Visitor: 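Okay, handing you the structure first.
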Amino acid sequence: MAKTALITGITGQDGSYLAELLLGKGYEVHGVVRRSSTMNRGRIDHLQHASPSHPEGAKFVLHYGDMTDSGGLNRLVKTVRPDEIYNLAAQSHVQISFDQPEYTGDADGLGTTRLLEAIRTMGAPTRFYQASTSEMFGSTPPPQSETSQFHPRSPYAAAKLYAHWMTVNYREAHKLFACSGILFNHESPRRGENFVTRKVTRGIAQVLAGKTDQLHLGNLDSQRDWGHARDYVEAMWLMLQQDEPDDFVIATGVMRSVREFAEAAFAMAGLDWDKYVVIDQAFFRPAEVNELRGDASKAARVLGWKPKSTFEGLVYEMLEQDLRLEGVDPAAHLSQPQVPATTD
């Protein structure tokens, strides 16, 4: 029989790539969406769902739910009785978490506890994946691994750290098959437009479309370990296929600054980044995380996982999509990366 998976946050970047992966493996996939007056399902429309109903024989089913609603989550888990749960739902924007710390803690921290408790009380052998984050390391010097000290520098990171340790606690105290993936920054053309990498590629597209001549960015010296979300969701799945549950850092091991990302993207479009980028203090964090670079050697050793996409391939893919969205022909403006798009 095919496995059944429940994905919270299925309308997000990671949720959409994970749903594609699982459907390709023959899973029956159930996704949780929040009720909204506007439809925000562009990332999953191609998966051919009809509505949040339960059509006979459907492989892809959506359910209304919210991470702040314990009763609804309990009913959902008991109704679907999934073999695997992937908890990707979160208020995931670091800057916004400073403005909405209470909601971030409720959705990201307590929301995870609500799901874990639903699994525990159901009593079925459901395997659980928690989306932890490299932001939990904060000011800890790189490279950061599973044994590095945590020092969160934002309400988002603090909420995620609570969820991370609750996952460990339920694994140890209640013997749940519960794993945390400590994922470093992962991007794609499906990245939200208020994240810095997508701001850069979308800004370049708007420059080429003649809509603007400025791109406002914050701290250009922040350094991150950027990979492709499509590669990282494969690591999520691999964690839940192991004999024993554990936590894993997922990263490329290469660190670049925001300035380097902008330089690479503008150069690929034949533009001088320095003519368009404006430093805007409004985009600086109250407490900055300066350097994140992951050591994913444990994932390589235990899971057999390694990133497939190159940095240059990722940037090109994001630019290509954003130019098309602005009605600009990518072939007329983009130079192909000098290295292959993947490491295969």
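None of the values given here were measured: they were computed from a predicted structure.
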Visitor: Between Gln149 and His151, is any side-chain donor less than 3.5 angstrom from a side-chain acceptor?
Guide: no
Visitor: Could you tell me whether Asp83 and Arg127 have a side-chain N and a carboxylate O separated by less than 4.0 Å?
Guide: no
Visitor: With no hydrogens and no angle check, do the side chains of Thr212 and Gln206 hold a donor and an acceptor under 3.5 Å apart?
Guide: no
Visitor: Apply the test side-chain contact (heavy atoms from CB on, under 4.5 Å) to residues Tyr129 and Leu88: give CA-CA distance (whole Å), side-chain angles for both, the deciding distance (0.1 Å), then the verdict.
Guide: CA-CA 8 Å; Tyr129 171 84; Leu88 311 185; 3.8 Å; yes
Visitor: Tell me, please, whether Tyr170 has Arg120 positioned over its six-membered ring: NZ or CZ under 6.0 Å from the ring centre and within 45 degrees of its axis?
Guide: no
Visitor: Please report the closest heavy-atom contact between Thr112 and Met67, naming both atoms and the distance.
Guide: N-CE, 4.2 Å
Visitor: Charged N to carboxylate O below 4.0 Å: is that the case for Arg202 and Glu193?
Guide: yes
Visitor: Has Ser97 got a side-chain atom pairing as donor or acceptor with Tyr156's backbone, closer than 3.5 angstrom?
Guide: yes
Visitor: Okay, side chain of Asp231, backbone of Lys308: is any donor-acceptor separation there less than 3.5 Å?
Guide: yes
Visitor: With the side chain counted from C-beta on, respond yes when Pro143 and Arg293 share a heavy-atom pair under 4.5 Å apart, and no when they do not.
Guide: yes
Visitor: Could you check whether atom CD of Glu288 has more than 12 heavy atoms from other residues, nucleotides or ligands sitting under 6.0 Å from it?
Guide: yes
Visitor: Strictly distance-based, threshold 3.5 Å: is any side-chain N or O of Glu326 a donor or acceptor partner for the main-chain N or O of Leu208?
Guide: no
Visitor: Please answer whether the main-chain N or O of Asp247 pairs with a side-chain N or O of Lys298 as donor and acceptor at a distance below 3.5 Å.
Guide: yes
Visitor: Could you go through the ring pair (Phe, Tyr, Trp, His ring centres under 6.0 Å) check for Tyr232 and Trp305 one step at a time?
Guide: CA-CA 9 Å; Tyr232 285 34; Trp305 179 88; 5.5 Å; yes
Visitor: Would you name the heavy atoms of Gln95 and Pro286 that are closest together and state the gap between them?
Guide: NE2-CD, 4.1 Å
Visitor: I'd like to check Ile7 versus Leu22 (side-chain heavy atoms, cut-off strictly below 4.5 Å). Are they in contact?
Guide: yes
Visitor: Give a yes or no on whether the backbone of Val29 and the side-chain of Lys59 come within a donor-acceptor separation of less than 3.5 Å.
Guide: no
Visitor: What is the minimum heavy-atom distance between Ser145 and Ser148, and which atoms define it?
Guide: N-OG, 2.8 Å
Visitor: May I ask whether Phe266 and Leu323 are part of the same hydrophobic cluster, defined by side-chain heavy atoms of I, L, V, M, F, W, Y residues being less than 4.5 angstrom apart, directly or through others?
Guide: yes
Visitor: Among all residues two or more places apart in sequence or in another chain, which pass the side chain to side chain contact (heavy atoms under 4.5 Å, CB included) test with Val289?
Guide: Glu135, Arg153, Arg224, Arg285, Leu292
Visitor: About how many Å separate CD1 of Ile250 and CE of Met236, when rounded to the nearest 0.5 Å?
Guide: 9.0 Å
Visitor: Would you give the length of the straight line joining atom CG of Asp274 to atom CD of Glu263, rounded to the nearest 0.5 angstrom?
Guide: 8.5 Å
Visitor: So, Glu187 and Arg256, do they make that salt bridge, N to O below 4.0 Å?
Guide: no
Visitor: Do the side chains of Phe195 and Ser92 get nearer than 4.5 Å, heavy atoms only?
Guide: yes
Visitor: Nearest 0.5 Å please: distance from the CD atom of Glu317 over to the OG atom of Ser309.
Guide: 7.0 Å
Visitor: Minimum heavy-atom separation for Leu325 to Arg198, with atom names?
Guide: CD1-NH2, 3.5 Å
Visitor: Decide yes or no for Leu319 and His333: does some side-chain heavy atom of the first lie under 4.5 Å from some side-chain heavy atom of the second?
Guide: no
Visitor: Quick check: do Thr197 and Leu314 have side-chain heavy atoms less than 4.5 Å from each other?
Guide: no
Visitor: Out of curiosity, does Leu220 fall in the hydrophobic cluster containing Met268 (side-chain heavy atoms, cut-off under 4.5 Å, transitive links)?
Guide: yes
Visitor: Which heavy atom of Phe177 sits nearest to which heavy atom of Asp243, and what is that distance?
Guide: CE1-O, 3.8 Å
Visitor: Is there a path from Leu76 to Phe60 through hydrophobic residues (I, L, V, M, F, W, Y) whose side chains come within less than 4.5 Å of each other?
Guide: no
Visitor: Begin with the C-alpha distance, continue with both residues' side-chain angles, and end with the deciding distance and a verdict on side-chain contact (heavy atoms from CB on, under 4.5 Å) for Ile10 and Tyr86.
Guide: CA-CA 9 Å; Ile10 197 166; Tyr86 297 86; over 6 Å; no
Visitor: Taking all non-hydrogen atoms of both residues into account, name the closest pair between Trp273 and Ala262 and its distance.
Guide: CB-O, 4.1 Å
Visitor: How long is the gap from CE on Met255 to CZ on Phe184, to the nearest 0.5 Å?
Guide: 10.5 Å
Visitor: Would you say the side-chain atoms of Ser16 pair up with the backbone N or O of Thr11, donor to acceptor, closer than 3.5 Å?
Guide: no
Visitor: Could you tell me if the side chain of Ile204 sits less than 4.5 Å from the side chain of Asp322, heavy atoms only?
Guide: no
Visitor: Do the charged groups of Arg114 and Asp106 touch, with an N to O distance under 4.0 Å?
Guide: yes
Visitor: For Phe128, run the side chain to side chain contact (heavy atoms under 4.5 Å, CB included) check against Leu176, Leu240, Ile85 and tell me which one passes.
Guide: Ile85
Visitor: Regarding Glu84 and Gln241, is there a side-chain donor-to-acceptor distance under 3.5 Å anywhere?
Guide: yes
Visitor: Given 3.5 Å as the limit, does a donor-acceptor pair link the side chain of Gln91 with the main chain of His93, or not?
Guide: yes
Visitor: May I have the step-by-step check of side-chain contact (heavy atoms from CB on, under 4.5 Å) for Trp226 and Val315, ending in yes or no?
Guide: CA-CA 10 Å; Trp226 280 301; Val315 175; over 6 Å; no
Visitor: Quick check: is Leu271 connected to Val328 through a chain of hydrophobic side chains (ILVMFWY, heavy atoms under 4.5 Å apart)?
Guide: yes
Visitor: Where the side chain of Thr8 meets the backbone of Ala89, is there a donor-acceptor pair that is under 3.5 Å apart?
Guide: yes
Visitor: Give, for atom CG of Leu115 and atom OG1 of Thr167, the distance between the pair rounded to the nearest 0.5 Å.
Guide: 9.5 Å
Visitor: Would the distance check show the side chain of Thr133 and the main-chain N or O of Met136 forming a donor-acceptor pair, the cut-off being under 3.5 Å?
Guide: no
Visitor: Walk me through it: do Asp221 and Arg259 pass the test side-chain contact (heavy atoms from CB on, under 4.5 Å)?
Guide: CA-CA 6 Å; Asp221 295 322; Arg259 178 181 286 102; 2.7 Å; yes
Visitor: Please determine which of Lys25, Arg230, Arg190 meets the salt bridge (charged side-chain N to carboxylate O under 4.0 Å, His left out) test together with Glu20.
Guide: Arg190
Visitor: Identify whether Ile44 and Tyr27 are in the same connected component of the hydrophobic contact network (ILVMFWY, side-chain heavy atoms under 4.5 Å).
Guide: yes
Visitor: Hey, could you give me the CG/CD distance between Leu23 and Glu28, rounded to the nearest 0.5 Å?
Guide: 10.0 Å
Visitor: Using side-chain heavy atoms (C-beta onward) and a distance below 4.5 Å, is Leu73 in contact with Glu117?
Guide: no
Visitor: Where do Arg324 and Glu320 land on the salt bridge (charged side-chain N to carboxylate O under 4.0 Å, His left out) test, with the steps shown first?
Guide: CA-CA 6 Å; Arg324 287 200 180 101; Glu320 187 177 39; 3.4 Å; yes
Visitor: Can you tell if the side chain of Met318 reaches within under 4.5 Å of the side chain of Val200, non-hydrogen atoms only?
Guide: no
Visitor: Are the side chain of Lys199 and the backbone N or O of His216 linked by a donor-acceptor pair below 3.5 Å?
Guide: yes
